[in-house]
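Since the structure comes first, as structure tokens, the remarks are kept for the end.
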Number of protein chains: 2
Amino acid sequence: MTDSELRAGGKRERLVAAAVAAFYAHGVATTSLADIAQAAGIPVGNVYYYFKAKSDIVAAVIDAHVQQIRAQLAAIEAAHAAPRERLKALFTAMAGESDLIAQFGCPLGSLCQEISKHEEGESAPDASGLMRLPLDWCGQQFRAMGRDDAAELAAQAFAAYQGTALLSSALRDPGLLERESRRIAAWVDSL
Amino acid sequence: MTDSELRAGGKRERLVAAAVAAFYAHGVATTSLADIAQAAGIPVGNVYYYFKAKSDIVAAVIDAHVQQIRAQLAAIEAAHAAPRERLKALFTAMAGESDLIAQFGCPLGSLCQEISKHEEGESAPDASGLMRLPLDWCGQQFRAMGRDDAAELAAQAFAAYQGTALLSSALRDPGLLERESRRIAAWVDSL
DNA sequence: GTCTATAGCCAGATAGAC
DNA sequence: GTCTATCTGGCTATAGAC
């Protein structure tokens, strides 16, 4: 946290949190700065004291997700020593959010997809880390399990989750995600 | 095709085709009517002769995709009698578009995800059929193979494809989709 | 640092000539 | 049916008072 952030009394954090929620529920393109500012209880014009442009808010939102992912993965590593248990913990945790995911999809996957469609100018932030981070972590776990095809297994497991999240939100069916998450966990156990 | 469409000399079709391409490459929300009209070689104001509002264009785009899916599935059914071969044909065909998918994701999945985020008003069209149609078709094939868990297998296969499409576009890696499509085909063969 | 007011732009949508 | 001209509103972003 920088000095100016400390002086800002948490307003920047409130803006980012409001943007995270709004981007997730309504999408990046359809969310206006006014929406974000209102949700954070801050006048619209004041947003530009904290962010030079909307794309900077997008970058801050991506960064917030990255921090959250790192924290979640670190927590799983602290709670479970065995790579197999760590993998199961990750996919079980994701299934725990099935109601939300059935409404809006995976927070990471939907954000990643929307942003990857307009990576043209230099102002467009890169969201690929949102996929790469958990994917590489899964790969590490499979490698620790002694699998030579760790990267392939990681892609298979993570893609199964992402695809199911997409299906469950399209069909508005949380049960789909819960069943598939159990199947993935059982599959990890069987390896 | 209605009478007025016949009289229109294919302009409506050109608009829909341009919208399909633009929505896929840049997203629905960030594509303006001016973009679509220009790509179709039609003045902006004239768009409203064919569509009352932008949401009607979205509905027409969804419908165009539905027609395309039906045609593709019918072609596969005509070319292959065995359900196992039909499934393999579908996932092989998808892998054939890996370069495009690595750029913009699955045309169906990305459209579905974006639209499902703002299904509030009555003007918002429903895109869930884009997932339901191929999903149900896969289920029918698995059932024809004598599987009791046909619906679950269909979800598993289709989610694997959707998730891999998302990953391969996030990481800009067509090879990922090709490898996983081969794996899905081999898995279908093993059932 | 915080907020108000507003500029400037571009989108979606309409009116009406031809 | 086709097209031009234009209205209206909301959005991003800025200027400047406090």
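Please read all numbers here as calculations on a predicted model, not as lab measurements. Note on naming: letters A, B, ... go to the chains in the order of the sequence lines (proteins, then strands), and numbering restarts at 1 for each one.
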Between [atom2] on [N] and [atom1] on [X], what's the gap in Å once rounded to a whole number?
{"X": "A/Lys54", "N": "D/dG10", "atom1": "NZ", "atom2": "P", "answer": "16 Å"}
{"X": "A/Leu33", "N": "C/dT6", "atom1": "CG", "atom2": "P", "answer": "20 Å"}
{"X": "B/Tyr49", "N": "C/dG16", "atom1": "OH", "atom2": "P", "answer": "19 Å"}
{"X": "B/Gln38", "N": "C/dC10", "atom1": "CD", "atom2": "C1'", "answer": "14 Å"}
{"X": "A/Leu15", "N": "C/dT2", "atom1": "CG", "atom2": "P", "answer": "11 Å"}
{"X": "A/Ile57", "N": "D/dC11", "atom1": "CD1", "atom2": "P", "answer": "13 Å"}

B/Val28 and B/Glu114: which non-hydrogen atoms are nearest, and at how many Å?
->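 Closest approach of B/Val28 to B/Glu114: N-OE1, 2.9 Å.
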
Minimal non-hydrogen separation, B/Leu111 against B/His65, with atom names =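 Minimum heavy-atom separation between B/Leu111 and B/His65: CD2-CD2, 3.6 Å.
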
Would you kindly compare A/Ala29 and B/Pro43 by the position of their nearest DNA chain D nucleotide and give the one closer to the 5′ end?
->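 Its nearest nucleotide being more 5', the pick is B/Pro43.
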
Would you indicate, yes or no, if C/dT14 has its OP1 or OP2 atom less than 4.0 angstrom from a side-chain nitrogen or oxygen of B/Tyr48?
->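 No, B/Tyr48 has no side-chain N/O under 4.0 Å of OP1/OP2 on C/dT14.
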
Any B/Asn46 side-chain N or O less than 4.0 Å from OP1/OP2 of D/dT2 =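 Result: no.
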
For a side chain to side chain donor-acceptor pair (under 3.5 Å) with B/Ser98, tell me which candidate from B/Gln103, B/Arg179, B/Glu178 qualifies.
->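 Single side chain to side chain donor-acceptor pair (under 3.5 Å) partner of B/Ser98 among B/Gln103, B/Arg179, B/Glu178: B/Glu178.
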
Go through C/dT2, D/dT12, C/dA11 for me and flag the one nearest to the B/Ser32 side chain.
->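 Of the candidates, C/dA11 comes closest.
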
Give the nucleotide from the list D/dT2, C/dC3, D/dT12 with an atom nearest to the side chain of A/Lys11.
->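 The listed nucleotide nearest to A/Lys11's side chain is C/dC3.
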
Return yes if a side-chain donor-acceptor contact under 3.5 Å exists between A/Gln113 and B/Ser110, otherwise no.
->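 No, because no side-chain N or O of A/Gln113 sits under 3.5 Å from a partner of the opposite role on B/Ser110.
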
